[in-house]
Structure formats: structure tokens, C-alpha cells
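To find a chain, count down the sequence lines: A is the first, B the second, and so on, and within it residues start at 1.
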Amino acid sequence: MYGPQGWWPLITKKNSVLQCLYHPKSFEIPNTQPQQYEICIGAILTQNTAWRNVIQALINLNQINALNHKTAQKIQIEMLKEAIRPAGYFNQKAKKIQAFNDFYSQMDNRIPSRDQLLSVWGIGPETADSILLYAYKQVSFVVDTYTRRIFTNLGLIHEKMKYDEIKQIFEKNLNADIEIYQEYHALIVQHAKQYYQKKDTYASDPLIERLNLRHHRV
DNA sequence: AACCAGGACGTGA
DNA sequence: TCACGTCATGGT
């Protein structure tokens, strides 16, 4: 229904203007360290925040050379706060970014484990999985509130399941394929934006008929 | 004008 | 463990 999604979106210069663009069917991205780092920062900034609010924050960060880890490390926290203000929670998120910066330089270009990411202040399960899946191309399924909402509505999981329980259900039933994992989560978000913004639209999810299911009240 | 976004952390029971 | 409060901007 939705076609290739091309997650994770990246800040790009187009016609000398900065935009945030998706890259459908280009699974080699990210292919530079700044792109990899940008995805990590975006994953932190989008915590409980609409992506459209994150875009301006990323553009501001790019302006002060804070989307390149080498130069980002030196930026004062007050400067950081000002840049990311449009993304909300700027006091917390500035600290989270600095905590991640320390971790990132400590990792010295190696691929972090999930537990290592979770040990960083400000990185919880969803952010860790997003970083693994989209920045490091590790086959790790991302579970977000949309995933929980859709699949609860379809009656395929229980509302109060823990994060890792839901994650395991997907990982047991999917081929360990990076492209499938990346696109599946992106499609869940896209689908949720269509049918799961307001509760009165849950019952009209076309997947209910398509999969011959009955929707469950959330 | 409430409500909610691609969550995580701190606290008290 | 678990439920709940807190963090903050911006669009609908």
C-alpha cells in the first residue's frame, strides 16, 4: 500500500537548501560516519516527539557543525540546548546527546551491543534498537507505541506486554533481513499515521479485513 | 483549546 | 516490579 519508505531520513542539501529526505531502496545508507552519527542523534531527538519537530533541530545542529561527532563533542551545552529547542525536552535531550557523545567516542568506531547502548543515560529500548537497526544496520526489531497500538488493535498482541516480549514475537517470525526490519518498522509508523491518530479510526484499519481479523478496543 | 507526537527516567508503593 | 509524574515544543 505505502511502497518503499527509505528510513532513516537524513538531512541533505538540495538546491542549496537543507532538507530532510528519505532514500527508498537505498539500503547502503548510511555510508559515512557523519550520517551514522546523525541517525543516532535523530533517534534521541525524536523520543516522544513528532519528526517534523526534529527536522528543524537537526538543521540547527548541522549549522553549528554538531552533526559530525568530531566537532559536536566541543559544543557547549547551552549552545546545544538552543539548537535542539524545536524538538522539545531540550534540557533533557541536550544531556542525552552529551552522554551519547562520550559513549560514541569511547566506542571508537566499533559497533555497540544493545546492552552497551542501554547503559547510556537517555537511551532506552526503542532508541537503542533504532540506533542498531538504522545507524549500524544490525538486525534488531524496533518496537514503538505505534507497534503496540496497531497490533493490540488487531488482536495480535496484548496491550500490556513488555517491550522485549513484543520484540521477540517479531524477531521469531521474521527472516533476519536488514531490509525487512528497516522497512517493516517504517511501514508501521506510516500506517499508524493513517489510521491510528484518533481512536475512532482504529476500527477502519484496512488490515482488519485484509487479514480477516476483528479489532480489539484499546 | 485540549490533545498528542517515531520515550526515558525518577520516585514511592 | 509497577504505576505515575515529569520533561517541552509545535501542529491539529
Approximate separation, where rounding is to 0.5 Å, of A:Lys93 NZ and A:Thr46 OG1
7.0 Å
Using heavy-atom distances to pick each residue's nearest nucleotide on DNA chain C, tell me which of A:Lys198 and A:Pro86 is more 5'.
A:Pro86
By the 4.0 Å heavy-atom rule, please label A:Ser130 as base, sugar-phosphate, or nothing.
nothing
Expressed in angstrom and rounded to an integer, what is the separation of A:Gln197 atom CD from B:dG6 atom P?
7 Å
How many Å lie between OH on A:Tyr195 and C1' on B:dG6, as a whole number?
19 Å
Among the nucleotides B:dA8, C:dA8, B:dG6, which one has an atom lying closest to any side-chain atom of A:Lys96?
B:dA8
If you measure only the distance, is there a donor-acceptor pair under 3.5 Å linking the side chains of A:Asn60 and A:Gln56?
yes
Ring centres under 6.0 Å, that's the criterion: do A:His191 and A:Tyr2 meet it?
yes
Within residues 35-64 of chain A, which residues have any heavy atom lying less than 4.0 Å from an atom of DNA chain C?
A:Asn48, A:Arg52, A:Asn53
Can you check the A:Asp129 CG to B:dG6 C1' distance for me, whole Å?
13 Å
From the options C:dA8, C:dA3, B:dG6, select the nucleotide whose nearest atom is closest to the side chain of A:Asn91.
C:dA8
Can you check the distance between C:dC4 and B:dG6, where both ends of the measurement are the C1' atom (answer in whole Å)?
23 Å
Atom CG in A:Leu174, atom CZ in A:Phe141: separation rounded to 0.5 Å?
6.0 Å
So, taking the atom named NE2 in A:His69 and the one named CG in A:Asn101, what distance separates them when rounded to the nearest 0.5 Å?
6.0 Å
Checking side-chain hydrogen bond (donor to acceptor under 3.5 Å, both in side chains) for the pair A:Lys96/A:Thr127: CA distance, chi angles, key distance, verdict?
CA-CA 11 Å; A:Lys96 292 179 180 182; A:Thr127 307; over 6 Å; no
Calculate the interatomic distance between A:Tyr89 atom OH and C:dG10 atom C1'; express it in whole Å.
12 Å
Taking any heavy-atom pair under 4.0 Å as a contact, classify A:Tyr184: base, sugar-phosphate, or nothing.
nothing
Of A:Phe90 and A:Lys160, the one whose closest nucleotide on DNA chain C sits nearer the 5' end is A:Lys160
Please state how far atom CZ in A:Phe141 lies from atom P in B:dG6, giving the value in whole angstrom units.
16 Å
Describe, in one word, how the ring planes of A:Tyr196 and A:Tyr202 are oriented to each other, choosing from parallel (under 30°), tilted (30 to 60°) and perpendicular (over 60°).
tilted
Report which part of the nucleic acid A:Lys93 touches: base, sugar-phosphate, or nothing (heavy-atom distance under 4.0 Å, all strands).
nothing
Between A:Lys81 and A:Glu78, is there a side-chain N and carboxylate O pair less than 4.0 Å apart?
yes
With heavy atoms under 4.0 Å as the rule, sort A:Lys162 into base, sugar-phosphate or nothing.
sugar-phosphate
Would you kindly give the CD1-to-P distance between A:Ile188 and B:dG6, to the nearest whole Å?
14 Å
Would you say A:Arg149 places a side-chain N or O within less than 4.0 Å of OP1 or OP2 belonging to B:dA5?
yes
Mind running a 4.0 Å heavy-atom check of residues 117-128 of chain A against DNA chain B and sending the residues that fall below it, in number order?
A:Val120, A:Trp121, A:Gly122, A:Ile123, A:Gly124, A:Pro125, A:Glu126, A:Thr127
Between C1' of B:dG7 and CZ of A:Phe100, the distance in whole Å
16 Å
Give me the distance, rounded to whole Å, that separates C:dA3 from B:dA5 when you measure between the C1' atoms they each carry.
22 Å
Provide the distance between the two P atoms, one in B:dT11 and one in C:dA8, to the nearest whole Å.
16 Å
Give the ring-plane orientation class for A:His185 versus A:Trp7, where under 30° counts as parallel, over 60° as perpendicular and anything between as tilted.
perpendicular
Roughly, in whole Å, what's the span from CD in A:Glu159 to P in C:dA3?
11 Å
If I take atom CD1 from residue A:Ile77 and atom CD from residue A:Glu82, how far apart are they, to the nearest 0.5 angstrom?
13.5 Å
